[in-house]
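Letters go in sequence order (proteins before strands), and every chain restarts at 1.
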Amino acid sequence: MLAIPHIKENTTEVIERLTKRGIPAADLINQVMSADEKRRSIQQESDNAAAEMNSISKEIGKLFSSGQTEAANEAKAKTAVLKEKAKQLNEQLQTAEKEMRELLLTIPNVPHSSVPKGVSEEDNKIEKEVGEKPVLPEGTLPHWELAKKYNIFDLELGVKVTGAGFPVFRGKGAKLQRALINFFLEEGIKAGYEEITSPIMINEASGRGTGSLPDKEGQMYYVPADDLYLIPTAEVPITNLYRDVILKEADFPIKMCGYTPCFRREAGSYGAHVRGLNRLHQFDKVEIVQITHPEKSYETHQEMVAYVETLLQKLELPYRILNLCGGDLTFASALTFDLEVWSAAQKRWLEVSSVSNFETFQSNRMKLRYSDANKKKHLAHTLNGSAIALPRIVASLLENNQTPAGIKIPEALQGYTGFAVLD
RNA sequence: GGAGGAAUGGCAGAGCGGUUGAAUGCACUGGUCUUGAAAACCAGCAUACUCGAAAGGGUAUCGGGGGUUCGAAUCCCUCUUCCUCCGCCA
């Protein structure tokens, strides 16, 4: 959620940048501004009415305590009209506030100046491409075939137990999952992130905090009996750890990482690209989250992207980095870099990480602030990134490293798998 | 799931339906003192919105929401959470 004072002070710039997303920004901003103006004037009236009521009540109190009962009762009689007026104004105020908030909630974050213009993924800017795409000999298999060959994971069994998109990993496949999780967590800890094990169900307030609600309710699994959602990413519970918190400047940066399963309904997804592990309802992911001083967040963003790169390098996977264009940016993000690995048998890039700076968009919703040296309160910046989502890493590892003797495990991972070749 | 009890500022903890945004202690910040520190003493110390150039006003907030009342931290309803006991159970 954008902050009203920020919109007021930077109206032209906000509109200009929002336009990059291909939305009618000027209209939306003007609506918000006039809703805010309306709210303010009603608030003034309402506050004045309340102030008047308060002062009369105090008078009455004094009269009663000094024994002037008659005068007190006279004063009481006068309050009825005022009270009604105050009540109505208060109702109007609540309506005006609600209208403004709801309007504000529909406006996505303002893209950073470096975000490319564009409407679809074709307009994303390739920042760099690293590593050699392996040239595989004839007869190489996509990962879903390799899965069968080596009995690593089984989607049909998942269908039996749950439904499509809920894979069952087994044997060395299961061990590989665990190895990757541990590898990512240990690397994260080495990079200074505090490990968090969080709930994997969240309440509505948390969903609103990170911007998953209202927006992605259709993408989240919901448990009506308890009014809870299954998390789509660890970003939600981990970032919400700091909801309603006021930090000190010395607390920055806050760095956290956590492994969780992630649940996504992926309503509307279908087709060839969802085969195998390409798109799932349940998958494992290690997430990194940072909360920073506003002046440091873009530096931090670069640092986080560079960190995810080191993971891909250690896994010896060719990758590229995309700067997502305005139209492809998620609702809450101001800048997102996607990292994609090359999947050699499918011959396509697979997104495995998304590193975003939300600036104050989430912290405004979460009331996540810090106080400066003068005790002034400001919104902090939040960032997060996948480090990394497992399924497509597995897909790419399997495909790129297949040999007649089995799947070669990258050296960095062997200490975690306990085997050098998956066969 | 059943029966009771509780929820007050960073923490602990008072609080009578009336000048209580809220005593007191601790913590924290600044100052005096000190070579320095501690101690002592003095002062300050919630958040949001809003008016104002500022100084400073106004409004709201004592778990959340609603109600009674001229007036609610205090009374009533409701929800949530926590504690104790019972039941169930990985």
Using the closest heavy atom to pick a nucleotide of RNA chain B for each, name whichever of A:Ser55 or A:Phe64 lands nearer the 5' end. A:Phe64
Within this structure, what is the NZ-to-C1' distance between A:Lys376 and B:rC45, rounded to whole angstrom? 16 Å
Starting at CD1 of A:Ile60 and ending at C1' of B:rG17, how long is that distance when rounded to a whole Å? 14 Å
In whole Å, measure the gap between the P atoms of B:rU29 and B:rG21 for me. 29 Å
Just to be sure I understand the rule, does A:Thr79 reach a base, reach only the sugar-phosphate, or reach nothing, if contact means heavy atoms closer than 4.0 Å? sugar-phosphate
Atom-to-atom span, CD1 of A:Ile42 to C1' of B:rU59 - whole angstrom: 15 Å
Ion pair check, A:Lys160 and A:Glu156, cut-off under 4.0 Å: no
Counterpart base for B:rA43, defined by Watson-Crick or G-U wobble contacts under 3.5 Å: B:rU29
Any donor-acceptor N/O pair, A:Lys255 side chain to A:Gly192 backbone, under 3.5 Å: no
Watson-Crick or G-U wobble partner for B:rU81, using a 3.5 Å limit on both distances? B:rA6
Taken to the nearest whole Å, CG/A:Leu104 to P/B:rC49 is 13 Å
From C-beta outward on A:Arg40, which listed nucleotide comes closest to its side chain: B:rC51, B:rU19, B:rC45? B:rC51
Taking atom CD of A:Glu127 as the centre, report whether more than 12 heavy atoms of other residues, nucleotides or ligands fall under 6.0 Å from it. yes
Hey, is the side chain of A:Arg39 poking within less than 4.0 Å of OP1 or OP2 on B:rU50, counting only N and O atoms? yes
Pairwise 5' ranking along RNA chain B for A:Gly61 and A:Ile246, keeping only the more 5' one: A:Gly61
Remember a base hit wins even if backbone is also touched, and classify A:Ile56 as base, sugar-phosphate or nothing at under 4.0 Å, heavy atoms. nothing
Base paired to B:rU35 (Watson-Crick or G-U; both N/O distances under 3.5 angstrom): none
Quick one: do A:Arg39 and A:Glu99 make a salt bridge, cutoff under 4.0 Å? no
OP1 or OP2 of B:rG44 less than 4.0 angstrom from a side-chain nitrogen or oxygen of A:Lys375, does that happen here? no
Are the aromatic rings of A:Tyr307 and A:Tyr193 close, with centres under 6.0 Å apart? yes
Determine which nucleotide pairs with B:rU19, using a 3.5 Å limit on both distances of a Watson-Crick or G-U wobble pair. none
Here the distance between atom P of B:rG64 and atom CG of A:Asp244, to the nearest Å, is 12 Å
Let's test this: given Watson-Crick or G-U wobble pairing with both distances under 3.5 Å, identify the partner of B:rU59. B:rA48
Determine the interatomic distance between P on B:rG30 and the same-named atom on B:rC45; round to the nearest Å. 15 Å
If I pick the P atom on B:rG65 and the same atom on B:rU74, what distance separates them, to the nearest angstrom? 13 Å
When rounded to the nearest Å, what value does the distance between P atoms of B:rC75 and B:rC16 take? 8 Å
Determine the Euclidean distance between corresponding C1' atoms of B:rG25 and B:rG15; express it in Å to zero decimal places. 15 Å
Tell me which nucleotide among B:rU50, B:rC70, B:rU47 gets nearest to the side chain of A:Gln44. B:rU50
Heavy-atom donor-acceptor pair, A:Gln43 side-chain to B:rC49 base, under 3.5 Å: yes
Do any of residues 84-94 of chain A sit with a heavy atom less than 4.0 Å from RNA chain B, and if so which? none
Partner lookup for B:rG87, please. Criteria are Watson-Crick or G-U wobble with both distances under 3.5 angstrom; report none if nothing qualifies. none
Of the options A:Ile196, A:Val289, A:Asn384, A:Leu185, which is the one that meets A:Cys257 in a side chain to side chain contact (heavy atoms under 4.5 Å, CB included)? A:Leu185
Give the rounded distance in Å between these two atoms: CG of A:Asn73 and C1' of B:rC70. 10 Å
Between A:Glu97 and A:Arg101, is the closest basic N to carboxylate O distance under 4.0 Å? no
Are the charged groups of A:Lys248 and A:Asp372 less than 4.0 angstrom apart, N to O? no
B:rC62 and B:rA23, which share atom name C1', separated by this distance in whole Å: 14 Å
Expected output: side-chain A:Ser333 to main-chain A:Leu329 donor-acceptor under 3.5 Å: no
Are any of the side-chain heavy atoms of A:Ile7 and A:Ile29 separated by less than 4.5 Å? yes
Give, ordered by number, those residues of residues 45-54 of chain A having at least one heavy-atom distance below 4.0 Å to an atom of RNA chain B; if nothing qualifies, reply none. A:Asp47, A:Ala50, A:Ala51, A:Met53, A:Asn54
Starting at CG of A:Asp226 and ending at P of B:rC79, how long is that distance when rounded to a whole Å? 16 Å
Taking atom C1' in both B:rG44 and B:rC49, what distance in whole Å separates the two? 24 Å
Neighbour count above 12 (heavy atom, 6.0 Å) for A:Lys377 NZ: yes
For the pair made of CG in A:Leu63 and C1' in B:rG17, what is the distance, rounded to whole Å? 17 Å
Nearest-angstrom distance, C1' atom, B:rU59 to B:rG5: 35 Å
Which base, if any, makes a Watson-Crick or G-U wobble pair with B:rU74, both distances under 3.5 Å? none
Please say whether more than 12 non-hydrogen atoms of neighbouring residues, nucleotides or ligands are located less than 6.0 Å from CD in A:Glu84. yes
